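A quick note: this is a predicted structure, and the numbers were derived from the prediction, not measured. Read the numbers this way: they start at 1 and go in the same order the structure lists the ligands and their atoms.
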Amino acid sequence: MDQNPPLTPVFPSRLPEVGTTVFTVMSALATKHQAINLGQGFPDFPCDRELISEVNAAMLADHNQYPPMTGVAELREGVAEKISDLYSHHYDPDTEITITAGGTQGILTAILSCVSPGDEVVIIEPAYDSYRPSIELAGGITVAVSLLANRNDHGCVTSYSIPWDDLAKAINSKTRLIIINTPHNPTGMVWQSSDLDRLANLVRNTSALVLSDEVYEHMVFDGRSHISVANHPELVARSFLISSFGKTFHVTGWKVGYVAAPAVMMKEFHKVHQFNVFTVNTPMQYGIAKYLKKADHYLGLPSFYQAKRDYFSKGLEQVGFKLLPVAATYFQCANYTTLDIAQSKMSEAEFCTWLTSEIGVAAIPVSAFYAKPMESGVIRFCFAKKEETLSAALARLQTLSKRN
Ligand code: GLN
């Protein structure tokens, strides 16, 4: 027995409830079992060579030292122009836009900049798994309401809707922030203008701010348009808008995104940002700034991803999954309880683990987007993959329909 006490003192965890993020866990499991990874959301196809050339050119032009704390001016100007063109709100690129190390850093920094200990923050579950720990790190109290699950006669979830009554009850004088996410990960649902109007009605006489996570803004299907908080003159005055170039330009590993907010809010955001990452890598910002100038580089995304959605969903349906509608994002949610196999009785997490190890396809349990145990028999597949990847995954999944 070792008689020496450990050299590292015991210390209480700041996040006692938190383990490793489900996306990392499922990716590791996929690697272990050589499964096709449709779990963590990232494209498996290359980004445009033109974007890489622009970054190379920026490096060769010696753009390799610190950029301004808020980001390269050309990129902030490009973001302001894009938002103004698409959503008709003009942000001042100098005082209202900051380039961040991806959406997740933007979200954490926004929360740390406005939430004080004891403040309440409303989230809508299923919710992206970084929201709750970010609120906890700020000392805030998470108030979670759940999307309403609409079910068919067999009890199968067929779609979700916004829980307006619960939201109204959740918002009070202690509410500092409400986090919304449209297009929504994992369900693929989108907010309409009328939804933003309803939210505006709820917050009008309160001091609640809004954080709108819109990282999937350019993947909206079937001829719909993305409705941003920037479309809403009243909400925009109290909102942080978050987006991500990783999602839009197929470079999730570059970790470059942005936050837009009114100058009074951005001033506080900067105070946290400068001592968190300080700023974001320079050549990527110059490269993205050049690439962003051509609107085709993001306006073509809906048809590109819609074709993948249609191809993959058709195959999943043939296997026997009951699919939930996907209005946007690169995720397809599917109900597996309809499958005629013994495993369809498993919990979502068990089913995803089994699917990864035995069938060779990784997916994400939607229950991972809830803090309290919540089983709806729904799992999330990412279809941001080459057609050959999707077809290989479907071939493996097809064995589910031949069991029994
Ligand atoms: N946003 C991605 C997803 O939902 C994951 C990002 C991450 O792993 N941090 O799959």
Side-chain angles (χ1 to χ4, degrees), residues 15 18-31 35-45 47 100-111 123-134 137 147 160 179-190 211-220 242-259 276-277 280 301 305 308-309 312 324 326-334 348-349 352-353 355-356 361-371 378-385 389-390 393:
L15 297 169
V18 172
T20 303
T21 163
V22 66
F23 308 110
T24 299
V25 170
M26 290 313 296
S27 283
L29 199 67
T31 305
I36 298 170
N37 191 356
L38 305 188
Q40 191 177 24
F42 63 90
D44 74 340
F45 42 82
C47 69
T100 58
T104 305
Q105 185 244 315
I107 292 165
L108 173 63
T109 304
I111 290 171
I123 65 168
I124 307 173
E125 291 182 324
Y128 186 56
D129 71 344
S130 86
Y131 299 164
R132 196 180 270 271
S134 301
L137 284 176
L147 283 181
Y160 295 92
I179 302 182
I180 64 169
N181 172 212
T182 179
H184 184 243
N185 177 12
T187 67
M189 66 180 272
V190 292
L211 185 156
S212 185
D213 174 355
E214 303 182 13
V215 299
Y216 299 99
E217 64 178 317
H218 297 299
M219 301 161 201
V220 179
I242 314 277
S243 193
S244 152
F245 294 112
K247 304 282 187 294
T248 302
F249 294 147
H250 318 309
V251 286
T252 59
W254 288 10
K255 299 299 299 172
V256 186
Y258 60 88
V259 176
N276 180 359
V277 288
V280 177
L301 244 56
Y305 274 122
K308 291 190 184 296
R309 177 200 65 176
F312 185 58
L324 279 75
V326 182
T329 74
Y330 48 44
F331 301 118
Q332 172 70 63
C333 282
E348 292 169 24
C352 286
T353 303
L355 200 67
T356 307
V361 177
I364 300 287
V366 166
S367 54
F369 291 75
Y370 291 87
V378 179
I379 59 175
R380 188 198 82 176
F381 293 101
C382 172
F383 57 77
K385 307 292 168 190
T389 309
L390 295 175

Heteroatom proximity flag, F23 to ligand 1, N/O under 3.5 Å: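 No, since none of the N or O atoms of F23 sits under 3.5 Å from an N or O of ligand 1.
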
Under 4.0 Å, heavy atoms only, figure out whether ligand 1 is touched by the backbone of M26, its side chain, both or neither.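 For M26, no heavy atom sits under 4.0 Å from ligand 1.
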
Taking all non-hydrogen atoms of both residues into account, name the closest pair between [X] and [Y] and its distance.
X: G39; Y: R380; answer: O-NH2, 2.9 Å
X: S27; Y: Q40; answer: OG-OE1, 2.7 Å
X: P133; Y: L15; answer: O-CD2, 3.8 Å

Is there a heavy atom of [X] sitting under 4.0 angstrom from any atom of ligand 1?
X: Y128; answer: yes
X: Y216; answer: yes
X: N185; answer: yes

Donor-acceptor pair between T21 and D129 side chains, under 3.5 angstrom: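 Per modelled atom types, T21 and D129 side chains form a pair under 3.5 Å.
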
At less than 4.0 angstrom from any non-hydrogen atom of Q40, what atoms of ligand 1 do you find?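 Per the distance check, 7 (C), 8 (O), 10 (O).
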
Within 45° of the six-membered ring axis of F42 and under 6.0 Å from that ring's centre, is NZ or CZ of K385 located there?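 The answer is yes, since K385 meets both limits relative to F42.
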
